[in-house]
Structure formats: structure tokens, C-alpha cells
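Quantities reported herein were computed from a predicted structural model and do not represent experimental measurements. Quick note: numbers below take in every heavy atom, side chains included, and nothing from hydrogens, waters or symmetry partners. Protein chains get the first letters and strands the later ones, always in sequence-line order, with residue 1 at the start of each.
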2 protein chains.
Amino acid sequence: MDTNQERILEKAQERVIETLARNMDLYGITMSTGLLYGTLLFQDKSMTLDEMGEALGMSKTSMSTGVRTLMDLNMVEKIWKKGTRKDHYEVNLDWYQNFIDLFSVKWRHASEQNVHSLKKSLQELRALQQSEELTDELRERVELSIRRIENGLDYYLWLSRLIDSFESHEIFQFVPKKESDS
Amino acid sequence: MDTNQERILEKAQERVIETLARNMDLYGITMSTGLLYGTLLFQDKSMTLDEMGEALGMSKTSMSTGVRTLMDLNMVEKIWKKGTRKDHYEVNLDWYQNFIDLFSVKWRHASEQNVHSLKKSLQELRALQQSEELTDELRERVELSIRRIENGLDYYLWLSRLIDSFESHEIFQFVPKKESDS
DNA sequence: AAGTACGTAAAGTTTTTTCTGAACGCTGAA
DNA sequence: TTCAGCGTTCAGAAAAAACTTTACGTACTT
């Protein structure tokens, strides 16, 4: 058995795993959890928490929380495996869908919160604007704030439609999955 | 002077500022820096580091680093102001462009790193694949890894084209900035 | 040339996050 | 019913990040 070839394989895998993991902070995912994701990615079979802990040299507790984070983002799923009592996990191989789910879950949520605040404050400021006895200086400030908020709302409505186009996969009509050459 | 009206205005602004700031971790931006951004947003005039520190009750050093973070993302810019020795900063009011810049800067960078690793490892594995004396078991593992990596590359090429469409503003043809009603 | 005002780098402190190990509850087996 | 194996909760330890204070370099003023 040529262990040298094996080492080449593992080296190649590790490079990818580490790079992916390092950049997953964009997903709000910690490096360790990213390593876990990468490890699962190159696994042909599903893994148990113990196997993960073994592979990463980390505690089972960490694997438990890490795998839950990944499940919340739909990047990993729990697999039914009869005959064993342990939970088995598998990576979701559809990178596009992973991106979409992440984007939907995180950005949609933030977007909704922001819109809510913006609308509420806009309403208050519009009411204030109606008031007759408003100094010129204050009226000016109120109107500036209203403009700023309206700008923000425009943007978040757009962002919401963008996310819609991801979720519905319509975005792939515009930016197709595969390009012919290159 | 009715200080009550002023309080309403400030309350409305603070709500927005705080919500925006809280959600800016999606941008990899800390809450404090988010508050700084929000503060600048409702400012009619440019601000100096001292004014920011004053407004947020934080050290000038923090303002310095915070403002640099925002500048790196093109969300804030330094303003020429003659007659004073202090630097002045202003928020970039184009939310769409802020989003695009953020996305470009962060995701493009991550994407490029990932593609680089994926390609390098793919090359190594393809070479390994050529090798005649490869056990069936190892060949199987190599081929699985290659498939995984190819999947990833497909995705990142797509992502790159998506980012292109943001940077070129072509995305607005597909998801227009303004919708007629609603 | 000396002094002052400014932004930032470096070092140190505080706060937050991540990780671990022990203890718990649940489920299935004996 | 008891026991063993499993995932998870919780409290504490370790690590990382954020923030402040001090100190420095530069550029303008006098």
C-alpha cells in the first residue's frame, strides 16, 4: 500500500477544507465549524458525532453544537440509519442551494427587522412633520431623517425582491448555473 | 423650544441606528462600528473623529479603526475640508452601492481564495488519477474528491458571475430598483 | 526650531466567544 | 427494573475580540 499517494490525497483535501473553513465567517460560521463542514464534504459516508470528534480532535460537545449550526443553515442533514443508535450526518452537496438558504435565512431576517424599524420610525417622523409648531431647524432635521429612511426602505424592498429571486431560483435565468466554455 | 419633539426625533433615529447596527454582523461589522455608521447616516454634516467619539461615548482610537473599517467597505468616505486640520468623514448614501461594494469586497475575495485552493487541489488529484499503480479503494476516494471539487468550482464560477452582475449593475435589469406600486 | 494638534500604532485590559468536562435525561437492551 | 449508550445542557476554562490608554510620528503654527 502506497501511503505516499494517500498523503497527496489528504493534503489536497485538507487544503480545500481549510480554505473553505477560513472563509466561512461570511456565513457567520466559526472556523472550527467550517472545518467540520469540510470534513463531511469529503466523506463518502455519513458520520457520527464520535467520528467527527475523532477526525477533528475536538470534544463531542463541540461537534454537537457545530453540527446543529450547520443543520440550521441546511448545509448538513441528519440521516436515518437503522441498526445503530447513533445519529448520522451528511453534508448537503448542492452548493447553490446552500448559498441560497444561507442568504435567505440570514439576510431575510435582518432585512425584515430593519424594515420594521425603518417603517416605525418613518411613521413617527411623518406624524411629527404634520405638527404646526415646529421650529424651522427641527423641521429640517425631521425631513432629512425622513429622506434617509425612505432611501433605506427603497433598498430593503429591492433586497427582498432579490432574495425572492434566489429562493424561487429565478436568478438562474439571469445568471445561469453553467457557462458553456471557460 | 419644544424639547419633547426633539426627543421624538432622536428616539426615531436611535431605533433605526440600533437595528441597523445590530444586523451589520452580516457585513462582518461589529455593533459599535454599526452604531458609528448609523450615527453618520443621520448627520447632515461630515463628522470628525472627536465628534464621533463624543456622540458614541467611545475613545477616539476606536473611532479611527471603526471609520477605517467602514471606508474599506466604501460605506464612508473622507471629505476634504479646508481650514481645519481634522479629518472629516461622511457616509455614502447609496445603499445599493454599499451593498454591492460589500458583496464585491468580501465575497469576491473569499471566492477567489476558494477557487484557488480548489483548482490547485484538483490539479494534484487529476495527476494522481493518472497514476497506474493506484489501488481501487484509493482511486475511488480520489474520484470522489474530484467530483466534490468540481461541484465547488461550478458554484464559485457562478458566484463570480453573480458578483459581476452586481458590480456592472446589470442585476438591476433583472431586479429593478423601484417597483411601481406597493 | 520648538510646540501643538492630530491620527494611528502598540500594549494592556476588559468583555465576549468558543471550547471542554461533568452531569443529566432519555431511549433501548438485558 | 436496571444498566449502558447516546445527545445535550450547564458551568467553568481557555481563547479571541473589542476597547482604552499610552506613546509615537507627522505636519502645521508660531
Side-chain angles (χ1 to χ4, degrees), chain A residues 17-18 20-40 45-73 75-91 106, chain B residues 17-18 20-40 45-73 75-91 106:
Chain A
I17 291 172
E18 215 185 291
L20 292 181
R22 181 163 287 117
N23 287 125
M24 282 208 200
D25 54 335
L26 287 180
Y27 292 59
I29 286 179
T30 184
M31 173 110 190
S32 304
T33 306
L35 291 174
L36 176 56
Y37 171 83
T39 304
L40 283 164
K45 293 285 158 201
S46 58
M47 289 182 90
T48 66
L49 292 181
D50 288 306
E51 289 167 343
M52 297 175 202
E54 175 74 18
L56 295 185
M58 287 180 69
S59 72
K60 187 153 74 162
T61 305
S62 293
M63 298 304 101
S64 177
T65 61
V67 107
R68 179 164 48 191
T69 303
L70 293 172
M71 285 213 299
D72 288 346
L73 294 170
M75 298 175 75
V76 155
E77 40 184 62
K78 196 186 281 194
I79 293 296
W80 250 130
K81 205 93 177 180
K82 71 174 175 185
T84 175
R85 286 171 59 194
K86 303 196 184 196
D87 293 346
H88 288 250
Y89 298 91
E90 238 177 56
V91 84
K106 299 234 166 187
Chain B
I17 291 172
E18 216 185 291
L20 292 181
R22 182 162 287 117
N23 288 125
M24 281 208 200
D25 55 335
L26 286 181
Y27 293 59
I29 286 179
T30 184
M31 172 110 190
S32 304
T33 305
L35 290 175
L36 176 56
Y37 170 81
T39 304
L40 283 164
K45 293 285 158 199
S46 59
M47 288 182 91
T48 66
L49 292 180
D50 288 305
E51 289 167 343
M52 297 175 201
E54 174 74 17
L56 295 184
M58 289 179 68
S59 72
K60 186 153 75 163
T61 305
S62 294
M63 298 303 100
S64 177
T65 61
V67 106
R68 179 164 49 191
T69 303
L70 294 172
M71 285 213 301
D72 288 346
L73 295 170
M75 298 175 75
V76 156
E77 39 184 63
K78 197 185 282 196
I79 294 295
W80 251 128
K81 206 92 177 181
K82 72 175 174 184
T84 175
R85 284 169 61 190
K86 303 194 183 196
D87 293 347
H88 288 249
Y89 298 92
E90 237 177 56
V91 83
K106 297 236 166 186

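- Side-chain contact between M75(B) and L40(B) is absent, with no heavy-atom pair separated by less than 4.5 Å.
- For the pair K78(A) and V67(A), the minimum side-chain heavy-atom distance is 4.5 Å or more.
- Using a 4.0 Å cut-off on heavy atoms, the residues of residues 81-89 of chain B that approach DNA chain D are R85(B), listed by number.
- Of the residues in residues 48-57 of chain A, those lying under 4.0 Å from DNA chain D by heavy-atom distance are L49(A).
- Heavy atoms only, all atoms of each residue included: Y89(B) and I79(B) are closest at C-CG1, 4.4 Å.
- Atom-to-atom distance recorded for D50(B):CG and M63(B):CE is 11.0 Å, nearest 0.5 angstrom.
- Considering every non-hydrogen atom in both K86(A) and H88(A), the closest pair reads O-CD2, 3.2 Å.
- The two atoms that bring T84(A) and K81(A) nearest to each other are CG2-O, 3.3 Å, heavy atoms only.
- Between G66(B) and L36(B), the shortest heavy-atom distance links the atoms C-CD2, 4.0 Å.
- Using a 4.0 Å cut-off on heavy atoms, none of the residues of residues 21-39 of chain A approach DNA chain D.
- Using a 4.5 Å heavy-atom threshold, the side chains of M52(A) and T39(A) count as separate.
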Less than 3.5 Å apart, which donor and acceptor atoms pair up between the side chains of residues 22-35 of chain B and the rest of the protein, not counting sequence neighbours?
from	atom 1	to	atom 2	distance (Å)
R22(B)	NH1	E18(B)	OE2	3.4
R22(B)	NH2	E18(B)	OE2	3.2
N23(B)	ND2	Q113(A)	OE1	2.9

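- For DNA chain C, the residues of residues 58-69 of chain B within the heavy-atom distance limit of 4.0 Å (strictly under) are K60(B), T61(B), S64(B), R68(B), sorted by number.
- Note that the first and last nucleotides of DNA chain C, 5' to 3', having any atom under 4.0 angstrom from a heavy atom of chain A are dC19(C) to dT27(C).
- With values rounded to the nearest 0.5 angstrom, L49(A) atom CG is found 6.5 Å from K60(A) atom NZ.
- The shortest heavy-atom contact between S46(B) and E51(B) is O-OE1, 3.9 Å.
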